[in-house]
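Numbering of ligands and ligand atoms starts at 1, following listing order.
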Amino acid sequence: MRVLAISGPLADLEVDALVLGVWQDEPLAAEVTQLDTATGGALTRLLESGEFVGKPSELLTLPVPAGLQAGLLVVVGLGPRTACDRRVVAQVTGSAARHLAEKTRPRVAYAVGNDLSPDLLADAICGALTGCVGQDVLRSKPRLHSPDEVLWWGVAEGAVQPGVILADSVNFTRRLVNLPAGEIYPESFVEQVKAIAPDAGLEVEVWDQQRLAEERCGSLLGVAQGSDRPARLMILHHRGGAADAPTLALVGKGVTFDSGGLSLKSSEGMKAMKCDMAGAATVVGAMQAIGRSGVAANVMGLVGLVENMVSGRSYKLGDVLTARNGKTIEVLNTDAEGRLVLADVLDVAVERGADKIIDLATLTGACVVALGMDVGGLMSNQPEWCDQVASAAARCGERAWPLPMFPEFAEQVKSQVADIKNIGDGRWGGAITAAKFLEEFVAERPWVHMDIAGPAFREKAKPWMDGGASGAFVRTLLEVAVNWGVR
Ligand code: BES
Ligand code: MN
Ligand code: ZN
């Protein structure tokens, strides 16, 4: 998709579709009156009739509109101006884009968001560019057809770039997650990231199995040992700040497939488990956006990549693994593997000088029980840092909510035979006991754990985005990084 800023009379645009954003309870914008005149006052009559009021994402399609060169005029509601935020505006353009993508429409123009702040404009563009991309990445005849060319009307050249960067990263993350585990495994994940790294100015470091062993990553390697696919640990560097400036570390769970291991999942529980590397995909997507936007901060992305499989070499219940930081872990459920992977990656982040850490992981079904499918759980060892991450998410219109980290929960991960065990005493509070396990590996650095098991992957489509991977929290991580730079 090429995205171009354009200007000039809307009526003369030779495009397959023109999307026009209309505010609720406001007269038509001055720039749009020309379009109204060209259609013989059709827009004014439409608003006067009450057929269209401009509620958020309200869509109305006028085919071959008289007086216009466009093949289709899509009028979309932006809602009341005072209620417009980054979430609303992305959903508005996303809904229009998803609707238009149902047919092949190579050239689509948007007259939306030209009177918005740069932040809102970026999300409007991001919504339009993500709404038209589907999860059918391997379908010979895709259901959604993204346009070749997207024209953004009424904005300066260069003003489209932040939105394009955001969308490219959200779509990159979604693609990694949507591709099946036969395509995306630790080595191929690394290749996909290596392919985008130079353009984002990211430095890449990859640890293979031998290096992981030399680095004593016994916890991560324990999970990986049942698979024929060798594990990887990938470290990305964006050096946008001074050499002595603090470093933000983003850590991701990259289980490219989670069968559950010997604690095998049911078919129902396993069928979407290609999504279990969404934490890692979110981190690399955010790193790409951070790099391409030239954020003035030092940011490090670290992802642990393994497959959790069943074989004669699988790790077993009762095994005791020694993590990189020296702690011993009794394995009482091989399906609680994400925390074992993150344990070693968090330790590497600490050793590499992370001043503050955020990890993202599709870690527990319990978090989905607690918060539902659309909200990420925040767990932290430091309220101020947690508040910063929560408010970054809120500004982006992404849904995240804190869960308590009372010390009592830590009792549950104590073991009779090792330092800790990899599950709590029962299923209650399972998202929190998992976080308490992770806390053992952050060496008291300010740290926020985001459990994205719900929002990372959708069973059903939303009006503004196809089902499957959502790309949730790429925006939030970029927002945190930008603020990290301006401290
Ligand atoms: N990857 C799963 C968590 C998950 C569940 C992600 C649903 C996305 C959707 C994780 O590795 C897992 O299996 N967790 C177990 C933990 C339990 C064994 C303590 C779970 O949630 O059941
Ligand atoms: Mn699991
Ligand atoms: Zn998992």
Considering both backbone and side-chain atoms of Gly365, is one of its nitrogen or oxygen atoms within less than 3.5 Å of a nitrogen or oxygen in ligand 1?
yes
Give me the residue, atom name and distance of the protein heavy atom closest to atom 19 (C) of ligand 1.
Ile423 CG2, 3.6 Å
Arg427 and ligand 1 - part of the residue with a heavy-atom distance under 4.0 Å:
neither
Is it true that Glu337 and Lys253 make a salt bridge, defined as a side-chain N closer than 4.0 Å to a carboxylate O?
yes
Atom 16 (C) of ligand 1 has as its nearest protein heavy atom Arg339 NH2, 3.9 Å
Protein residue, atom and distance nearest to atom 12 (C) of ligand 1, heavy-atom basis:
Asp335 O, 3.2 Å
Sub-4.0 Å heavy-atom contact, Met270 with ligand 1
no
Quick check on contacts: which atoms of ligand 1 are under 4.0 angstrom from a heavy atom of Glu337?
11 (O)
So, is Asp335 placed with an N/O/S atom under 2.8 Å from the Mn ion (ligand 2), counting both backbone and side chain?
yes
With respect to Thr364, determine whether any N or O atom, backbone or side chain, lies less than 3.5 Å from an N or O atom of ligand 1.
no
So for Met373 against ligand 1, with non-hydrogen atoms under 4.0 Å, the contacting part is neither
for atom 10 (C) of ligand 1, nearest protein heavy atom and its distance come out as Leu363 O, 3.2 Å
In terms of atom number and element, which parts of ligand 1 are under 4.0 angstrom from non-hydrogen atoms of Asn333?
18 (C)
Protein residue, atom and distance nearest to atom 2 (C) of ligand 1, heavy-atom basis
Asp258 OD2, 3.6 Å
Taking atom CZ of Arg175 as the centre, does the number of heavy atoms from other residues, nucleotides or ligands within less than 6.0 Å exceed 12?
no
Check for me: within less than 2.8 Å of the Zn ion (ligand 3), which protein N/O/S atoms show up?
Lys253 NZ, Asp258 OD2, Asp276 OD2, Glu337 OE2
Return the closest protein heavy atom for atom 9 (C) of ligand 1 as residue, atom name and distance.
Met273 CE, 3.6 Å
Is any side-chain heavy atom of Leu250 closer than 4.5 Å to a side-chain heavy atom of Met300?
no
Please verify the inter-ring angle class for Phe409 with Phe406; under 30° counts as parallel, over 60° as perpendicular, anything in between as tilted.
parallel
Can a salt bridge be assigned to the pair Arg232 and Glu187 using a cut-off of 4.0 Å between side-chain N and carboxylate O?
yes
To 10 degrees, how wide is the angle OD2 (Asp258) to the Mn ion (ligand 2) to OE1 (Glu337)?
100°
For ligand 1, the portion of Val368 having any non-hydrogen atom under 4.0 Å away
neither
At a 4.0 Å threshold, what atoms of ligand 1 neighbour a non-hydrogen atom of Lys253?
1 (N), 10 (C), 11 (O)
